[in-house]
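For reference, the structure is listed below as structure tokens.
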Amino acid sequence: MRAMLDQLMGTSRDGDTTRQRIKFSDDRVCKSHLLNCCPHDVLSGTRMDLGECLKVHDLALRADYEIASKEQDFFFELDAMDHLQSFIADCDRRTEVSKKRLAETQEEISAEVAAKAERVHELNEEIGKLLAKVEQLGAEGNVEESQKVMDEVEKARAKKREAEEVYRNSMPASSFQQQKLRVCEVCSAYLGLHDNDRRLADHFGGKLHLGFIEIREKLEELKRVVAEKQEKRNQERLKRREEREREEREKLRRSRSHSKNPKRSRSREHRRHRSRSMSRERKRRTRSKSREKRHRHRSRSSSRSRSRSHQRSRHSSRDRSRERSKRRSSKERFRDQDLASRDRDRSSRDRSPRDRDRKDKKRSYESANGRSEDRRSSEEREAGEI
């Protein structure tokens with residue numbers, strides 16, 4: 001039951017993606033098993049059972065591959081084809097060896113007798129295949145088709161009896177009684193010339209013979225699929241190559257047209273260069289304007305600050321000079337007063353009473369003269385005004 005669920009739903013059927021550590025794309029997984037054509041599976045339980053395959057066989061991985069192959073092509077058909085080709089080549093080599101061994105052990109016969117014996121073998125093979133088909137149709141419940149096939153079996157049996165009669169007449173009685181063997185071309189098994197229908201039906205309807213038929217048919221199918229995919233790949237490569245060549249031709253044509261019309265190409269280049277230079281010039285102008293604005297703003301702010309500082313410094317210098325001048329004038333006054341007081345003291349000390357009288361008289365005289373002069377000047381002014 002678990003194997004059936006794995007085959008239907010894959011490794012993550014329980015929602016556990018970590019249960020299966022190996023993936024179907026791993027090299028350890030048998031690609032023929034994923035495509036349901038591994039000889040180890042097909043021929044198991046037969047006389048040519050190959051045992052277990054060296055690679056991993058898992059029905060859940062096959063289900064995973066079938067789900068993933070609907071969205072992506074993994075090209076596992078090529079690996080499976082190589083596997084089946086090597087197996088079929090080995091079987092064909094064993095068939096040739098068996099034929100050589102029979103030719104050495106059996107008596108040599110003429111070419112005519114060998115052709116007659118070959119005809120009997122072909123009829124035996126045809127009868128065996130038809131009987132196997134009848135059994136298959138009967139198991140499926142298709143009675144009418146099985147009856148039609150039985151009619152063909154009776155016709156083949158009649159032909160076989162006639163071919164055996166011809167073969168018996170061409171051979172001596174002693175040599176005819178010997179068992180003439182033949183190697184099956186499909187499964188390399190031995191077939192007798194005088195085998196009955198039951199024996200032939202068991203061989204041609206057996207698992208060994210049908211398994212080899214299935215393997216050979218699968219190999220042909222894989223060859224066809226691989227050839228189609230390779231053809232598809234080649235067409236895609238050709239399309240890509242044609243597209244590349246078309247692009248290269250288009251480039252060459254454009255380059256030639258540019259070389260033939262240098263004026264146009266030059267004018268285009270000039271336009272492009274002009275547009276680029278204009279855009280650059282615009283960018284430079286905008287940058288310079290922004291820089292000028294910034295510089296003006298900075299210069300204004302700096303001039304304002306400088307003027308303010310200069311005014312402050314001027315005011316401060318003026319205040320300082322005024323203070324200094326005041327201090328100097330006050331000092332000079334004090335000095336003059338001191339000098340004058342000192343001179344007075346000295347003059348007062350040095351003068352005699354006579355000098356004092358003279359000076360007093362001189363002062364009184366000068367004052368009287370000054371008053372008279374003032375009067376004269378005032379009278380002259382009045383006369384001038386009149």
Side-chain angles (χ1 to χ4, degrees), residues 10-12 17 20-39 54-56 58 61-90 92 215-295:
T11 55
S12 59
T17 57
Q20 192 73 22
R21 295 182 179 178
I22 191 171
K23 295 183 179 180
F24 65 87
S25 58
D26 199 307
D27 294 335
R28 293 173 291 176
V29 178
C30 181
K31 304 303 184 291
S32 301
H33 172 72
L34 296 178
L35 296 170
N36 196 19
C37 61
C38 184
L54 298 177
K55 293 188 176 182
V56 177
D58 194 349
L61 295 176
R62 184 189 294 175
D64 291 343
Y65 167 72
E66 290 175 355
I67 294 169
S69 61
K70 294 178 182 179
E71 299 178 357
Q72 182 181 356
D73 196 355
F74 295 94
F75 297 99
F76 289 162
E77 291 84 1
L78 186 62
D79 298 334
M81 186 185 73
D82 294 338
H83 185 199
L84 295 185
Q85 276 182 342
S86 62
F87 176 74
I88 294 298
D90 191 15
D92 293 340
I215 292 170
R216 291 179 183 275
E217 289 177 353
K218 190 67 177 179
L219 177 60
E220 295 298 325
E221 182 182 355
L222 290 174
K223 287 181 179 179
R224 179 178 57 79
V225 171
V226 169
E228 290 177 357
K229 289 186 177 182
Q230 287 179 350
E231 184 67 22
K232 188 176 179 180
R233 276 188 173 183
N234 292 332
Q235 290 178 358
E236 291 177 355
R237 289 175 182 173
L238 288 174
K239 286 182 180 178
R240 289 195 295 269
R241 187 181 298 172
E242 289 176 357
E243 290 177 357
R244 287 197 298 269
E245 291 177 354
R246 193 182 299 111
E247 290 177 356
E248 290 177 357
R249 287 197 297 268
E250 189 68 20
K251 289 180 181 178
L252 288 173
R253 187 177 63 80
R254 290 177 181 175
S255 63
R256 288 175 183 174
S257 64
H258 286 306
S259 62
K260 288 181 181 178
N261 298 323
K263 293 182 179 180
R264 293 182 181 178
S265 61
R266 288 175 184 175
S267 63
R268 289 178 183 174
E269 290 178 357
H270 183 67
R271 289 173 186 172
R272 290 176 183 173
H273 181 70
R274 190 175 179 182
S275 63
R276 289 176 184 173
S277 62
M278 290 175 69
S279 62
R280 290 175 183 172
E281 189 66 24
R282 289 174 184 173
K283 290 180 180 179
R284 288 176 183 174
R285 288 177 182 175
T286 53
R287 290 176 182 173
S288 62
K289 287 179 180 179
S290 62
R291 288 176 182 173
E292 287 176 358
K293 288 180 180 179
R294 293 175 184 173
H295 183 68

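In this chain, numbering begins with 1 at the start of the sequence shown.
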After noting the C-alpha distance and the side-chain angles of L84 and C37, does the key distance pass the side-chain contact (heavy atoms from CB on, under 4.5 Å) rule?
-> CA-CA 8 Å; L84 295 185; C37 61; 3.9 Å; yes

L34 CG to D64 CG distance, which is reported to the nearest 0.5 Å | 9.5 Å

Name the orientation class of the two ring planes belonging to F74 and Y65 (parallel below 30°, tilted from 30 to 60°, perpendicular beyond 60°).
-> tilted

Pair E220-R224, salt bridge (charged side-chain N to carboxylate O under 4.0 Å, His left out): steps then yes or no | CA-CA 6 Å; E220 295 298 325; R224 179 178 57 79; over 6 Å; no

From F75 atom CZ to L78 atom CG, the distance as rounded to the nearest 0.5 Å | 9.5 Å

Looking only at heavy atoms, what is the nearest atom pair of S32 and A80, with distance?
-> OG-CA, 3.6 Å

More than 12 foreign heavy atoms under 6.0 Å from NZ of K229: is that the case here?
-> yes

Got a sec: does the CG of L54 have more than 12 other heavy atoms crowding it under 6.0 Å?
-> no

CZ-CG distance between R28 and L61, expressed to the nearest 0.5 angstrom | 10.5 Å

Given side chains that start at C-beta, do those of Q85 and I88 come closer than 4.5 Å, heavy atoms only?
-> no

Evaluate the side-chain proximity of D79 to F76: yes if any heavy-atom separation is below 4.5 Å, no if none is.
-> yes

How about C38 and K31: do any of their side-chain heavy atoms sit closer than 4.5 Å?
-> no

OG (S69) and CZ (F24) are apart, to the nearest 0.5 Å, by 8.0 Å

Nearest 0.5 Å please: distance from the NZ atom of K223 over to the CD atom of E228.
-> 14.5 Å

Assess whether salt bridge (charged side-chain N to carboxylate O under 4.0 Å, His left out) is satisfied between K55 and D26, documenting all intermediate values.
-> CA-CA 10 Å; K55 293 188 176 182; D26 199 307; over 6 Å; no

Are H33 and R62 close enough, and set up right, to give a side-chain contact (heavy atoms from CB on, under 4.5 Å), and what steps lead you there?
-> CA-CA 7 Å; H33 172 72; R62 184 189 294 175; 3.0 Å; yes

How far apart are the C-alpha atoms of E250 and R246, what are their side-chain angles, what is the distance that settles it, and do they pass the side-chain contact (heavy atoms from CB on, under 4.5 Å) test?
-> CA-CA 6 Å; E250 189 68 20; R246 193 182 299 111; 5.8 Å; no

Do K218 and E221 touch side chain to side chain, with heavy atoms closer than 4.5 Å?
-> yes

In terms of heavy-atom contacts, does CG of D27 have more than 12 from other residues, nucleotides or ligands at under 6.0 Å?
-> no

Roughly how far, to the nearest 0.5 Å, is the CD atom of E66 from the CG atom of N36?
-> 8.0 Å

